[in-house]
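Taking it in order: structure first as structure tokens, then the write-up.
Letters go in sequence order (proteins before strands), and every chain restarts at 1.
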Number of protein chains: 2
Amino acid sequence: MEEYKKILIAKGIKPTFQRIKILEYLSRNRTHPTVDMIYTALFKKVPTLSKTTVYNTLDILRENGLVDVLTITESEMRYEYCTEPHHHFLCRRCGRIIDLDVKCPYLEKMKFGEHKLEQIHGYFKGICKDCLEEAQ
Amino acid sequence: MEEYKKILIAKGIKPTFQRIKILEYLSRNRTHPTVDMIYTALFKKVPTLSKTTVYNTLDILRENGLVDVLTITESEMRYEYCTEPHHHFLCRRCGRIIDLDVKCPYLEKMKFGEHKLEQIHGYFKGICKDCLEEAQ
DNA sequence: ATACAAATTTAAAATCGTTACAAATTTGTA
DNA sequence: TACAAATTTGTAACGATTTTAAATTTGTAT
Ligand SMILES: [Mn+2]
Ligand SMILES: [Mn+2]
Ligand SMILES: [Zn+2]
Ligand SMILES: [Zn+2]
């Protein structure tokens, strides 16, 4: 609670209860949740919460570099607490999005050719280890 | 026309007029169009075309490995005629999606760790060369 | 050719994630 | 306490996609 309040203040974002809770949720749940997952989880604790606030807050957090957005699935956006750049694996069976420890030269240099590079997304898709085992 | 008819037949897909036209369009327009772009362009030539047919056909083409789908933007899917795997650059200024010639070891091996890897998407995002120049 | 079943196309409605909007509430300051 | 600004909220609008069922086309048996 206090920790996330400080983070918001450091970024010049007014640390409202909702913003703190959303940032805290993302920091504690490294599952790349959808907006609806965030909303549903927090609504239990904050029954006045509006989904619009989740959208608004995520936009603010994103603008301030506290949150990253993944376009890895075909229907909804995924959000994650911003850390070091890394790649992701999406399992088409269970839908989980798993952080990968991929050695990618571009991730560090953030430089490529003549274009101005701002983000790199590495999306690996297939069947995850657990689902493979489950199917024997 | 005949060329794409043959490709469809080779895949066991009934080569209807609409399917041929959609496949032909994707082969000739390597711009990673949206469904709406495909529909709007073809509607001029095929005024009876339905957007549902575009969706249906793209699904079939995708299932048969003739078309790839990109989830690079935040709102709609992008389609491309299937070629050798390659990465992409999305310009947030002009919206163009540019094919990249990135050396990626994973693209060739298609193997990574303990998961079963089926696809790799490399999405680079930023400002393209042309837009940079245009802004001096 | 004709009839009929299956496949395909089409148009319309439904769904769902996201955005726009305006009212209600909260916050900061005088 | 009063008031303006910022934030939150609920609702409506939007747009991409999916669902559904009717219309059309195709292939095949007669
Ligand atoms: Mn991650
Ligand atoms: Mn491409
Ligand atoms: Zn899985
Ligand atoms: Zn550009």
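Side-chain atoms of B:His121 and B:Gln119 form a donor-acceptor pair, as typed in the model, at a separation below 3.5 Å. No donor-acceptor contact under 3.5 angstrom links the side chains of B:Thr71 and A:Tyr123, judged on distance only. If you check the side chains of A:His32 and A:His88, you find a donor sitting under 3.5 Å from an acceptor.
A residue-by-residue look at B:Ile13 and B:Tyr39 shows that B:Ile13 has its nearest nucleotide of DNA chain C further toward the 5' end.
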> Can you list the steps and then say if A:Arg78 with A:Glu80 is a salt bridge (Lys or Arg N to Asp or Glu O under 4.0 Å)?
Replying inline: CA-CA 7 Å; A:Arg78 300 292 187 135; A:Glu80 73 174 340; over 6 Å; no
>> Please determine whether side-chain contact (heavy atoms from CB on, under 4.5 Å) holds for the pair B:Leu58 and B:Ile38, giving the CA-CA distance in whole Å, both sets of side-chain angles, and the decisive distance to 0.1 Å.
In response: CA-CA 10 Å; B:Leu58 290 172; B:Ile38 299 168; 4.1 Å; yes
> Given the rule in the side-chain contact (heavy atoms from CB on, under 4.5 Å) test, do A:Leu49 and A:Gln18 qualify, once you have shown the distances and angles that lead to the verdict?
Replying inline: CA-CA 7 Å; A:Leu49 185 64; A:Gln18 292 89 336; 3.9 Å; yes
> side-chain contact (heavy atoms from CB on, under 4.5 Å) between B:Cys82 and B:Asp68: does it pass, once the steps are laid out?
Replying inline: CA-CA 5 Å; B:Cys82 192; B:Asp68 279 334; 3.4 Å; yes
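Checking side-chain atoms of B:Lys129 against main-chain N and O of A:Glu114 turns up no donor-acceptor pair under 3.5 Å. Put simply, the side chain of A:Ser27 never gets that close to the backbone of A:Leu23: no donor and acceptor are under 3.5 Å apart. Within the 3.5 Å criterion, the main-chain N or O of A:Ile72 finds a donor-acceptor partner in the side chain of A:Lys125.
In this structure, B:Phe43 atom CZ and C:dA11 atom C1' are separated by 12 Å, rounded to whole Å. Atom CG in B:Asp36 sits roughly 11 Å away from atom P in D:dG15 (whole-Å rounding). Counting to the nearest Å, the P atom of D:dG15 and the CE atom of B:Met77 are 18 Å from each other. In this structure, A:Arg78 places its CZ atom 11 Å from P of C:dG17, rounding to the nearest Å. Put simply, NZ on A:Lys51 is 17 Å from P on C:dA20, counting in whole angstrom units. Rounded to whole angstrom, the span from the CE atom of A:Met37 across to the P atom of C:dG17 amounts to 10 Å. Counting to the nearest Å, the C1' atom of C:dT10 and the CZ atom of B:Phe17 are 16 Å from each other.
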>> Wobble G-U and Watson-Crick pairs count when both distances are under 3.5 Å; given that, what is the 5' to 3' dot-bracket string of DNA chain C, with | for pairing to other strands?
In response: ||||||||||||||||||||||||||||||
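For A:Leu90 against A:Gly95, the heavy-atom pair with the smallest separation is CD1-O, 3.7 Å.
Residues of residues 53-71 of chain A having a heavy atom closer than 4.0 Å to DNA chain D, listed by number: A:Thr53, A:Asn56.
Annotation: ring-ring contact (aromatic ring centres under 6.0 Å, His included) contacts involving residues 43-84 of chain B, sequence neighbours excluded, comprise B:Tyr39-B:Phe43. Sorted by first and then second residue, the salt bridge (Lys or Arg N to Asp or Glu O under 4.0 Å) pairs with a member in residues 88-101 of chain A read A:Arg92-B:Glu118, A:Arg96-A:Asp130; sequence neighbours excluded.
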Strictly under 3.5 Å: I want the nitrogen or oxygen pairs between protein and nucleotides 24-30 of chain C, one per line.
none

Could you list the protein-to-nucleotides 12-14 of chain C atom pairs, N/O on both sides, closer than 3.5 Å?
| from | atom 1 | to | atom 2 | distance (Å) |
| --- | --- | --- | --- | --- |
| C:dA12 | N6 | B:Thr52 | OG1 | 3.4 |

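Candidate nucleotides C:dA11, C:dT8, C:dT18 were compared by shortest atom distance to the side chain of B:Arg19, and C:dT8 ranks first.
Among the heavy atoms of the strands, none lies under 4.0 Å from B:Glu74. Among the atoms of the strands shown, only primed sugar atoms or phosphate atoms (P, OP1, OP2) are found under 4.0 Å from some heavy atom of A:Thr48.
Here the NE2 atom belonging to B:His115 is positioned 10.0 Å from the SG atom belonging to A:Cys131, to the nearest 0.5 angstrom.
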